[in-house]
Amino acid sequence: RAHKELLQQWKNFSKKRRRGQNTQKPAATTTTPLYTEETLKDAVAWLLLQHRVECKLTSSLEELVDYLMRLTRALSEQPYNETISELKCVKKIKGTFDDSWIRMLQQIPGV
């Protein structure tokens with residue numbers, strides 16, 4: 001329920017913002033930011049809940065560069081793990097498909 005409510009609030013905010021941008025003329029010397037800290041945090045929470053995207057907010061370019069370096073290093077050093085499907089599990093447990101056909105025939109009494 002909270003998920004639907006948050007999505008509705010975000011849609012309402014987006015509609016209000018679009019309507020406000022259409023009626024306002026862009027000023028050459030605008031000093032107000034396009035977003036506030038509160039709306040940014042709401043957007044990050046919405047991304048996490050709606051799309052399961054985790055965001056890292058940084059306050060400076062140096063902090064961003066440091067975070068990206070640590071992230072890429074961790075990704076490059078971590079071993080690659082292939083996703084395991086049910087078919088691969090069956091192959092490991094049962095062997096080849098020829099063996100499984102023989103085992104099925106052996107289940108029939110008198111064969």
Straight-line distance of D66 CG to L61 CG, nearest 0.5 Å = 11.0 Å
When hydrophobic residues are tied together by side-chain contacts of less than 4.5 Å, even through go-betweens, does L47 share a cluster with L49?
-> yes
Partners of [X] by side chain to side chain donor-acceptor pair (under 3.5 Å), sequence neighbours excluded?
X	result
E37	K41
T39	T36
D42	none
S76	none

Whether Q50 side chain and W46 backbone form a donor-acceptor pair below 3.5 Å | no
Test side chain to side chain contact (heavy atoms under 4.5 Å, CB included) applied to R73 - qualifying residues, sequence neighbours left out |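 R73 satisfies side chain to side chain contact (heavy atoms under 4.5 Å, CB included) with E77 only.
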Please identify each residue that fulfils salt bridge (charged side-chain N to carboxylate O under 4.0 Å, His left out) with E54, with sequence neighbours left out.
-> none
Stepwise, does the side chain to side chain contact (heavy atoms under 4.5 Å, CB included) test hold for L40 with L57?
-> CA-CA 9 Å; L40 183 62; L57 301 177; 4.2 Å; yes
